[in-house]
Amino acid sequence: MPVSFTLFELISYVLFALTLVHAARRGRQAVAYVLGGTLFGLTLEYANVASNIGYTYGRFLVMLGPIPVCIGVGWGMITYAARLVSDASGLPGWSRPALDALLALNIDLSMDAVAYRLGMWDWGWPSQAVGRHSQWFGVPFANFYGWLLVVALYSTFARLVERPQPADPRRRAAWQLIAPLLAVFVSEAVLYPLLIVPRRLGWPFLLLWLGVLLLLGGVFAFGWTRRRPPASYPGYPAWLVPTFFHLYFLTWLILSAYYRDTPLLLLLSLLNAAAGLAIHAPPLLRRRAPAPSGSNVTPVGE
């Protein structure tokens, strides 16, 4: 097994454990959100691979059938880290899922093209020589369209079903665990007909990706105009998770020298990583601020 696989898997599990520790300190609802995102990722990936819609995974240490468990773990960490940022952003609640999706896409743009070159997954191109120059440096446009939909829908439905909090403490505790699982079920039901098509289709999915990107960007921008001063700043998963994904795959892109036949990929990866780190670095430089009276910020699990 390649070193790049083993290191990625082991670091992912350590980071996932740290994410769960952070979530546990915030409450049952936060833990359920992480686990729900993980279950969501595993279920979606299994359905996609089983349906033979255009990609397969390489062999990792821990597999759930054809799916590496670290992939599901990655979904859980990314959705949780993105929500930490959006919940601490001061944005109105209705615009936060759009920010979640945009933050997740920022990570995926740094990850997928390099992971494909390392052999972590295969998009079914006739050869890697062909694949490296196909669509987004070997990654079908449909993949990014899917990332935006997956994260936006899970974040939206989770927030919606979390709102009704039973008055009885025991029922409230049970609902906090059940709500993310219900969000997974509803999101999967909505997503399946939108994604179950061959992933290597080109221009139609480029247009869909750009259309969804513009829609979510517009929702985020409109929400930004109604943003309140942030009431709090996210914990360490908000910066540690994206930093790991950006730096890990950027490092392997350089060490493997895969960028030599596509130097533009290195430039875009550097710019994307810089943008992602700039977005997530500010919480490191600020002290936690007290929540102002009447703030609309409701962090995960609180």
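Just so you know, these numbers come straight off a predicted model, no measurement behind them.
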| task | Evaluate side chain to side chain contact (heavy atoms under 4.5 Å, CB included) for F222 paired with T225, printing each intermediate quantity in order. | result | CA-CA 5 Å; F222 188 62; T225 65; 4.2 Å; yes
| task | In sequence, state the C-alpha distance, the side-chain angles, and the governing distance for R96 and R83, and then conclude on side chain to side chain contact (heavy atoms under 4.5 Å, CB included). | result | CA-CA 8 Å; R96 295 177 192 176; R83 184 166 176 182; over 6 Å; no
| request: For L84 and H22, run side chain to side chain contact (heavy atoms under 4.5 Å, CB included): C-alpha distance rounded to whole Å, both residues' side-chain angles, the deciding distance at 0.1 Å, then the answer. | output: CA-CA 11 Å; L84 285 177; H22 182 272; 3.9 Å; yes
| query | Given the rule in the side chain to side chain contact (heavy atoms under 4.5 Å, CB included) test, do D261 and H133 qualify, once you have shown the distances and angles that lead to the verdict? | reply | CA-CA 9 Å; D261 65 341; H133 300 279; 4.0 Å; yes
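With sequence neighbours excluded, the residues that form a side chain to side chain contact (heavy atoms under 4.5 Å, CB included) with L35 are F16, L20, V31.
Within 6.0 Å of OH in Y13 there are more than 12 heavy atoms belonging to other residues, nucleotides or ligands.
No donor-acceptor pair closer than 3.5 Å links the side chain of Y145 to the backbone N or O of G211. Between the side chain of Y258 and the main chain of R117, a donor-acceptor pair closer than 3.5 Å is present.
Ring geometry, W209 versus W136: the interplanar angle exceeds 60°, so the pair is classed perpendicular (tilted spans 30 to 60°).
Residues Y80 and V241 form no side-chain contact, since every pair of their non-hydrogen atoms from C-beta on lies 4.5 Å or further apart. Looking at heavy atoms from C-beta onward, F137 lies in side-chain contact with L264 at the 4.5 angstrom threshold. In this structure, Y236 and V21 have side chains that are in contact, with non-hydrogen atoms separated by less than 4.5 Å. Put simply, the side chain of S4 reaches to within 4.5 Å of the side chain of Y248, judged on heavy atoms.
The two residues V73 and S12 come nearest to each other via the heavy atoms CG1-O, 3.8 Å. In terms of heavy-atom proximity, R260 sits nearest to P263 at O-CD, 3.7 Å. Looking at every heavy atom in both residues, A158 comes nearest to Y33 through CB-CE1, 3.5 Å. In plain terms, the two heavy atoms of A30 and A23 that are nearest each other are CB-O, 3.5 Å. For the pair S95 and V219, the tightest heavy-atom approach, listed with the atom from each and the gap, is CB-O, 3.7 Å. The shortest non-hydrogen separation linking Y46 to P66 is CE1-CD, 3.5 Å.
Taking hydrophobic clusters as Ile, Leu, Val, Met, Phe, Trp and Tyr residues chained together by side-chain heavy-atom distances below 4.5 Å, I71 shares a cluster with W147. Taken together through direct or relayed side-chain contacts under 4.5 Å among Ile, Leu, Val, Met, Phe, Trp and Tyr, I11 and F60 form part of one hydrophobic cluster. In terms of hydrophobic clustering, with Ile, Leu, Val, Met, Phe, Trp and Tyr side chains grouped at heavy-atom distances under 4.5 Å, L267 and L265 are assigned to a common cluster. The hydrophobic cluster containing F144 does not contain L214, counting ILVMFWY residues as joined when their side-chain heavy atoms lie under 4.5 angstrom apart, directly or transitively. Criterion: ILVMFWY side-chain heavy atoms under 4.5 Å apart, direct or through other members. Under it, I254 and M111 are part of a common hydrophobic cluster.
How far CG of L240 is from CG of L15: 5.0 Å, rounded to the nearest 0.5 Å. The structure places CG of L216 at 8.0 Å from CG of L149, a figure rounded to the nearest 0.5 Å. Atom-to-atom distance recorded for L148:CG and L213:CG is 6.0 Å, nearest 0.5 angstrom. Between atom CZ of residue F5 and atom CG of residue L10 there is a gap of 13.5 Å, rounded to the nearest 0.5 Å. Taking OG of S110 as the start and CG of L277 as the end, the distance is 8.0 Å to the nearest 0.5 Å. Between L109 atom CG and L268 atom CG the span is 9.0 Å, to the nearest 0.5 Å.
Using modelled atom types, one finds a donor on one side chain and an acceptor on the other under 3.5 Å when comparing W75 with E45.
Residue F8 is tested with F249, W252, W121 for a ring-ring contact (aromatic ring centres under 6.0 Å, His included); the sole match is F249.
The side chain to side chain donor-acceptor pair (under 3.5 Å) analysis of residues 215-224, with sequence neighbours excluded, yields no pairs.
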Per-pair distances, 0.1 Å, donor-acceptor, side chain in residues 99-107, under 3.5 Å, sequence neighbours excluded:
unit_1 : atom_1 : unit_2 : atom_2 : d
D100   : OD1    : S86    : OG     : 2.6
D100   : OD2    : S155   : OG     : 2.6
D100   : OD2    : R159   : NH2    : 2.9
N106   : OD1    : H246   : NE2    : 2.8
N106   : ND2    : N272   : O      : 3.3
N106   : ND2    : N272   : OD1    : 2.9

